Amino acid sequence: MSYGAIFPLWQTAAGQTWNEYTRHAFVEGLRDGTLPREAFLRYLVQDYLFLIHFSRAWALAVTKAETSEEMRACAATVHALLNEELGLHINTCAAEGIPEEQLFAAREAPQNLAYTRYVLDAGHSGDFLDLMAALAPCVLGYGEIGARLAAEAGETPYADWIATYAGADYQRTCQEVGALIDAATARRLGEAPESSPRWPRLCARFELATRLEVDFWGMGLSA
């Protein structure tokens, strides 16, 4: 599955960190079903809070956009996060006796605080591209993980999670975000973005956000 031209360049720049994220022990536990249920629920509660802040970051992107097309794409992503992706968390936790009110009131883990505030700061202190580089590892990384696990997973209690991120709706969102990043990069950096003096900073933003993703999986596994 292709998510555009810029995303694979950022993946390459992230080096081994990308594999540490997409093939983390937490991810492999989802694939083969060995992930403890309590670890999954701990992650899911924190990821609910993460997605609330992530939605705010995509809403911030609307204010950083330079075209109506960028504004529409970011607004559509906010809608998908709040009205579609969060449903997985709400329904799964409700089945475990955890209502949404309890999710919203949960205390954020330090790893969650570090990641979400980093993304929001990237948007507040930088421009649209800074924010896209900080947002991309999550939205596009989950698409890559979901597609791989759907192809590799056998019998696993986490089939619903995998299906959410491997599904046509989420994969379409990833393709749209990849196209958004490509167009935004060309608009701001030209047709040779790697020669821009801004390129190393954008790659560094992407790599650090990926490291924070690794920490987020680790938080799920922590006792």
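This structure is a prediction, so every number in the text was calculated from the model and none was measured.
With ring centers used as reference points, W58 lies 6.0 Å or more from F128.
By the 30° and 60° cut-offs, the orientation of the rings of W10 relative to F206 is tilted. Ring orientation note: the planes of F7 and Y3 are tilted relative to one another, at an angle of 30° to 60°.
A salt bridge links D127 with R198: at least one charged nitrogen is closer than 4.0 Å to a carboxylate oxygen.
For the pair A5 and D182, the tightest heavy-atom approach, listed with the atom from each and the gap, is N-OD2, 2.8 Å. Here the shortest heavy-atom pairing between A106 and V45 reads CB-CG1, 3.6 Å. Nearest heavy atoms, G123 versus K64: O-CE, 2.7 Å. Here the shortest heavy-atom pairing between Y158 and R37 reads CE2-NH1, 3.3 Å.
A donor-acceptor contact shorter than 3.5 Å is absent between the side chain of S196 and the backbone of A192.
Sorted by first and then second residue, the ring-ring contact (aromatic ring centres under 6.0 Å, His included) pairs involving residues 86-123 (not counting sequence neighbours) are F50-Y115.
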Problem set entry | salt bridge (Lys or Arg N to Asp or Glu O under 4.0 Å) between R117 and E108, intermediate numbers included | CA-CA 12 Å; R117 297 335 186 260; E108 290 179 81; 2.9 Å; yes

For this session: Evaluate side-chain contact (heavy atoms from CB on, under 4.5 Å) for L81 paired with L86, printing each intermediate quantity in order.
Result: CA-CA 6 Å; L81 288 168; L86 275 177; 5.9 Å; no

Problem set entry | Criterion side-chain contact (heavy atoms from CB on, under 4.5 Å) on W161 and T92, from CA distance to verdict | CA-CA 9 Å; W161 188 97; T92 303; over 6 Å; no

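Partners of R148 under the side-chain hydrogen bond (donor to acceptor under 3.5 Å, both in side chains) rule, at least two apart in sequence or in another chain, are E28, E152.
Through side-chain heavy atoms spaced under 4.5 Å, either directly or across other Ile, Leu, Val, Met, Phe, Trp or Tyr residues, V62 is tied to M71.
Annotation for Q16: atom CD counts as buried by contact number, over 12 foreign heavy atoms lying within 6.0 Å.
A donor atom on one side chain and an acceptor atom on the other are not found under 3.5 Å apart for E144 and Y165. For the residue pair Q46/N112, the side-chain donor-acceptor check at 3.5 Å is satisfied.
Taken from CG in L208 to CD in E213, the straight-line distance is 11.5 Å, to the nearest 0.5 Å. Rounded to the nearest 0.5 angstrom, Y43 OH and S222 OG are separated by 14.0 Å.
The salt bridge (Lys or Arg N to Asp or Glu O under 4.0 Å) with R187 is formed by just one residue from the set E70, E69, E66; it is E70.
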